[in-house]
Amino acid sequence: MILYTTLATALALLLAVVSFWLPSMTPDSEKLSPYECGFDPLGSARLPYSMRFFLVAILFLLFDLEIALLLPTPWAAQLSSPPLTIFWSSIILILLTLGFMYEWLQGGLEWAE
């Protein structure tokens with residue numbers, strides 16, 4: 001037991017030390033920027049916003065929510081009525097798949113025209 005604790009502590013310390021020395025320490029203006037979206041925070045706030053970027057972000061949130069809704073399915077399948085759980089999970093998946101197909105056919109997933 002002491003061997004495993006010592007080994008785990010040594011490995012954790014080694015990984016912590018390596019994580020401080022391994023990354024490159026040459027920050028540029030993009031890394032120092034407080035925003036991840038690529039917009040200039042000091043520029044005009046009235047610039048046109050890409051609707052495609054907004055649509056892809058909304059679709060990502062929608063499918064991320066799908067995973068959150070389907071995560072309890074394996075545990076819910078052990079309840080008294082597993083067919084009902086599988087039915088509702090299937091309904092969620094079918095609706096999301098139909099929505100995804102509709103969005104694809106409408107060209108909403110095409111980033112460049």
Side-chain angles (χ1 to χ4, degrees):
M1 181 68 159
I2 293 175
L3 176 66
Y4 291 128
T5 306
T6 306
L7 189 63
T9 305
L11 183 61
L13 287 174
L14 177 72
L15 289 175
V17 168
V18 168
S19 72
F20 281 110
W21 294 104
L22 192 59
S24 65
M25 298 304 233
T26 56
D28 58 358
S29 63
E30 292 296 324
K31 288 182 182 177
L32 295 175
S33 174
Y35 298 100
E36 296 177 356
C37 61
F39 295 117
D40 182 18
L42 302 176
S44 173
R46 301 289 181 210
L47 293 175
Y49 189 71
S50 171
M51 211 50 176
R52 295 242 184 241
F53 180 78
F54 180 73
L55 181 63
V56 169
I58 293 295
L59 286 173
F60 174 77
L61 289 175
L62 177 70
F63 287 103
D64 197 34
L65 180 64
E66 167 200 350
I67 299 301
L69 288 173
L70 293 175
L71 272 177
T73 302
W75 292 281
Q78 297 175 5
L79 296 174
S80 59
S81 60
L84 186 62
T85 302
I86 293 171
F87 171 75
W88 286 114
S89 297
S90 299
I91 292 294
I92 291 172
L93 282 174
I94 289 169
L95 284 174
L96 286 169
T97 304
L98 289 174
F100 181 69
M101 288 172 37
Y102 174 77
E103 195 65 40
W104 192 342
L105 292 174
Q106 293 296 318
L109 300 177
E110 299 295 327
W111 189 256
E113 295 184 29

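All values reported here derive from a predicted model rather than from experimental measurement.
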Distance col, row Leu93:CG vs Leu98:CG, nearest 0.5 angstrom, shows 11.0 Å
Cluster check Leu95, Phe87: I/L/V/M/F/W/Y, side chain < 4.5 angstrom: yes
OG1 of Thr9 to CD1 of Ile2: how many Å apart, nearest 0.5 Å? 11.5 Å
Residue set satisfying side chain to side chain contact (heavy atoms under 4.5 Å, CB included) with Leu3, at least two apart, ordered chain then number -> none
From Leu11 CG over to Leu7 CG, what is the distance, rounded to the nearest 0.5 angstrom? 6.5 Å
Could you state whether Leu70 and Leu96 fall into the same hydrophobic cluster, counting links through intermediate Ile, Leu, Val, Met, Phe, Trp or Tyr residues with side-chain heavy atoms under 4.5 angstrom apart? yes
Trp104: which residues meet the ring pair (Phe, Tyr, Trp, His ring centres under 6.0 Å) condition with it, sequence neighbours left out? Phe100
